[in-house]
Amino acid sequence: MTNQASSFKFQVSSFKSLGLFGGTFNPIHLGHLRAAQEVKDGFGLDKICLIPSAIPPHKSPEGIVDAENRLEMIRLAVSDCPDFMVSDVELKRSGPSYTIDTVRYFKSVLPEDARPFFIIGLDAFLEMDIWKSYKELFLRIPFIVMARPGGADASPTYLRKRWKLVETFLKSRISDGYQFSDSRRCYVHAEKQPVYIFDATLLDISATKIRKLVKQRKSIRFLTPEKVEKFIQTKGFFL
Ligand code: ATP
């Protein structure tokens, strides 16, 4: 283990509950941060760990800022936020950044009695059946699925029914043994880890929207932290 890896191990070893929040973060924005903050408070987690993907396996590489600079934007975004930490674990691996490898890594560095959760937006969750070893992920780690506005269908009917989509996905793609527990607001299964649903404040902010605004030379103020906005301007990203 390298020095850096061992110091990260030391850092996380004091946490009993850690929210792992992976993504491309091209760039990180207030939609990510507010939702993660609410998950942290709602579940009483010790920390949220933001994990940028070095090589996102399912996104076209075109228009994606290099991983080091996406990592830097996350560092700037949370530099004054003690509830957050940042992991460069996916930048240290070669090849596509598979979540299963990241989850295995965190399980190996966290203490035995720690409880990591994987935090994910509903849109990404519903596409998990193309992820590498996705069935294994449901055995290894509990998920917290956050509501997300926008997407293909933002009608009120869709918004009301969105949690039904989680159930349909779980039962059709993972196992029909999932049952909803009203008291815990999660889907439980005899052998698998629970899948929690969480109503974070719906902020219709996406990295796509931010990139589009920059390209149109419009302001992105109040969509991402000011330090990130300035960094994007200085580097000339997304133009
Ligand atoms: P893009 O627009 O480029 O696809 P994005 O804004 O969806 O990017 P990602 O980095 O792909 O951002 O997302 C990382 C994770 O954050 C995913 O699980 C996604 O569902 C979630 N997420 C992104 N934006 C929001 C938001 N506004 N509210 C809640 N979750 C979000």
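For ligands, and for the atoms within them, numbers begin at 1 and follow the listed sequence.
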Does the K47 side chain pair with the main chain of P82, one donor and one acceptor, at a distance under 3.5 Å? yes
Taking S206 for its side chain and K209 for its backbone only, find out whether a donor-acceptor pair lies under 3.5 Å. yes
Side chains of [X] and [Y] in contact at under 4.5 Å (non-hydrogen atoms):
X	Y	value
T102	S97	no
V195	C186	no
L20	I141	yes

Which protein residues have a heavy atom under 4.0 Å from ligand 1? F21, G22, G23, T24, F25, H29, G31, H32, A35, K59, I120, G121, D123, A124, M146, A147, R148, L203, I205, S206, A207, T208, R211
Among side-chain atoms of Y187 and E167, is any donor-acceptor pair under 3.5 angstrom? yes
